[in-house]
Amino acid sequence: MDIQVDLHTHTVASGHAYSTLSENALAASHKGIKLLGMTDHGPSMPGAPNLYHFGNLAIIPDELYGVKILPGVEANITTHEGELDIPIRYLAKLKLVLVGLHVISYPGGTSEQNTEAYIKAMKNPYTDMMVHPGRPEFELDLERIAHMSAQLNIPVEINNSSLSSKKRGARENCRRFARYMAHYNGPVILGSDAHFTDRVGEFGHALALVNEVGIKEQQVLNTSPDRVMDYLASRRKNRPIITHT
Ligand SMILES: [Zn+2]
Ligand SMILES: [Zn+2]
């Protein structure tokens, strides 16, 4: 399986990542990545950029070092209702909206509350893809998420960084989640979640898991830039029309 797209990478703008977009794009070009998502953390995370960052992304060139660039966000779920930390008028203009749960931004809760928050965020018409459900900080009903991913046709990430994490439970959760994704046949993305340039385009752990559990190549969206761009375009067609600014 050839992964030509890395949708989940961070730059210095995230506060706890250490490479620039240009450095990440150069690394991506060396690894054969053709489309690169720049998804810095949403503003509720300490050290993350404020809304001005997300309002000015149109100045970023479409291509760097021969790699197409998709500027976006990794938005934070902030409540049990699945609300996000970026207003809709900003989300509406972003080319890529990843959504996940992170400490500090999200208050935590029971497995049921966390799962409900995650699924409500999946149903948000401005959400494109969900990230790292396998991270062990918040307990989630991983089977229900895999089932909803297939029902809603919302891709959920198998995160290469979670799989190389030493955090207790991370690898086991990811393995369990990947098995459910194989079973329910929902759309999958592989993400590097790079916080430094050398991790960009690294999918070794995620690919090994995909093969181990039998996730089909057809399920994996980021095997080609065209598949990703077609999905993002179709997602935008279904959005409600905004009546406020
Ligand atoms: Zn981060
Ligand atoms: Zn994250």
Side-chain angles (χ1 to χ4, degrees), residues 1-10 24-25 28 31-39 62-63 67-75 91 94-100 118-119 121-135 142 144-163 174-175 177-194 199-239:
M1 204 179 298
D2 186 18
I3 304 298
Q4 299 184 346
V5 182
D6 192 348
L7 289 161
H8 188 172
T9 68
H10 296 269
N24 284 348
K31 289 189 178 155
I33 295 295
K34 299 189 167 80
L35 178 66
L36 180 71
M38 179 182 103
T39 50
D62 290 340
E63 198 172 307
V67 178
K68 295 233 167 18
I69 307 296
L70 266 183
V73 64
E74 183 187 6
L91 292 174
L94 297 179
K95 292 181 179 168
L96 177 62
V97 178
L98 309 184
V99 174
Y118 200 87
I119 287 172
M122 276 174 118
K123 291 179 176 169
N124 184 329
Y126 294 90
T127 296
D128 291 318
M129 303 165 189
M130 301 298 294
V131 295
H132 53 58
R135 289 225 336 213
L142 296 171
R144 199 164 153 228
I145 289 167
H147 182 228
M148 287 310 291
S149 160
Q151 295 276 305
L152 299 168
N153 192 35
I154 297 292
V156 185
E157 180 188 53
I158 293 181
N159 182 296
N160 203 63
S161 291
S162 297
L163 282 160
C174 290
R175 181 160 282 117
F177 179 67
R179 284 208 187 96
Y180 291 133
M181 287 304 276
H183 175 74
Y184 288 104
N185 202 23
V188 171
I189 56 162
L190 308 188
S192 73
D193 200 357
R199 308 285 177 97
V200 173
E202 288 294 317
F203 302 109
H205 297 290
L207 271 174
L209 182 56
V210 160
N211 290 327
E212 178 193 317
V213 302
I215 286 173
K216 295 186 270 308
E217 184 162 351
Q218 201 48 36
Q219 275 178 267
V220 180
L221 191 67
N222 53 319
T223 48
S224 88
D226 285 350
R227 287 192 69 198
V228 171
M229 295 311 291
D230 287 351
Y231 166 75
L232 291 173
S234 73
R235 190 81 190 125
R236 273 149 188 73
K237 274 189 204 146
N238 299 324
R239 281 177 172 176

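Using a 4.5 Å heavy-atom cutoff, the side chains of Asn24 and Met38 are not in contact. Tyr118 is listed as a side-chain neighbour of Val156, based on a closest heavy-atom distance under 4.5 Å. Side chains of His183 and His147 form no contact here, defined as non-hydrogen atoms less than 4.5 Å apart. Contact annotation: the side chain of Met130 never approaches that of Met148 to less than 4.5 Å [non-hydrogen atoms, C-beta and beyond]. Side-chain contact between Lys216 and Met1 is absent, with no heavy-atom pair separated by less than 4.5 Å. Residues Leu232 and Lys95 fail the side-chain proximity criterion, which asks for heavy atoms closer than 4.5 Å. Two residues are said to be in side-chain contact when any heavy atoms from C-beta on lie closer than 4.5 Å; Ile69 and Asp62 fail this criterion. Side-chain atoms of Cys174 and Ile158, non-hydrogen and from C-beta on, never get closer than 4.5 Å to each other.
Formation of a donor-acceptor pair under 3.5 Å by the Ser149 side chain with backbone atoms of Ile154 is found in this model. Between the Arg227 side chain and the Val220 main chain, a donor and an acceptor come within less than 3.5 Å of each other. Judged purely by atom type and a 3.5 angstrom limit, Asn160 has no side-chain atom pairing as donor or acceptor with the backbone of Ser192. Between the side chain of Thr39 and the backbone N or O of Thr9, at least one donor-acceptor pair lies under 3.5 Å. Counting only distance, with no hydrogens or angles, the side chain of Glu157 and the backbone of Ile189 share no donor-acceptor pair below 3.5 Å. Listed for the Asp6 side chain is no donor-acceptor partner under 3.5 Å among the backbone atoms of Glu202. Side chain of Asp193 to main chain of His8: no donor-acceptor pair is present (N/O by atom type, distance under 3.5 Å, no hydrogens or angles). For the pair Tyr184 (side chain) and Arg144 (backbone), a donor-acceptor distance under 3.5 Å is absent.
Note that CZ of Phe203 and CG of Leu163 are 12.5 Å apart. Values are rounded to the nearest 0.5 Å. Rounding to the nearest 0.5 Å places CD of Glu217 at 9.5 Å from CG of Asn211. Going from atom CG of Leu209 over to atom CZ of Arg179 covers 8.0 Å, rounded to the nearest 0.5 Å. Here the CE atom belonging to Met181 is positioned 10.5 Å from the CG atom belonging to Leu142, to the nearest 0.5 angstrom. Residue Leu35 holds its CG atom at 6.5 Å from CG of Leu7, rounded to the nearest 0.5 Å. One distance of note links CG of Asn222 with CE of Met129; it measures 7.5 Å at 0.5 Å rounding.
Counting heavy atoms of neighbouring residues, nucleotides and ligands inside a 6.0 Å radius, atom CD of Gln218 does not exceed 12 of them. In the displayed structure, Arg135 atom CZ is contacted under 6.0 Å by more than 12 heavy atoms of other residues, nucleotides or ligands.
Taking all atoms of both residues into account, the shortest heavy-atom contact from Met122 to Leu152 is CB-CD1, 4.0 Å. Taking all atoms of both residues into account, the shortest heavy-atom contact from Val5 to Ile33 is N-CD1, 4.1 Å. Nearest heavy-atom pair across Pro225 and Gln4 is CD-OE1, 3.3 Å. When all heavy atoms are compared, the tightest approach of Ala121 to Thr127 is O-OG1, 2.8 Å. Scanning all heavy atoms of the two residues, the minimum distance from Ala150 to Asn185 falls at CB-C, 4.5 Å. When all heavy atoms of Ile145 and Phe177 are compared, the closest pair comes out as CG2-CE1, 3.9 Å.
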side-chain contact (heavy atoms from CB on, under 4.5 Å) between Asp128 and Arg236, intermediate numbers included: CA-CA 9 Å; Asp128 291 318; Arg236 273 149 188 73; 2.9 Å; yes

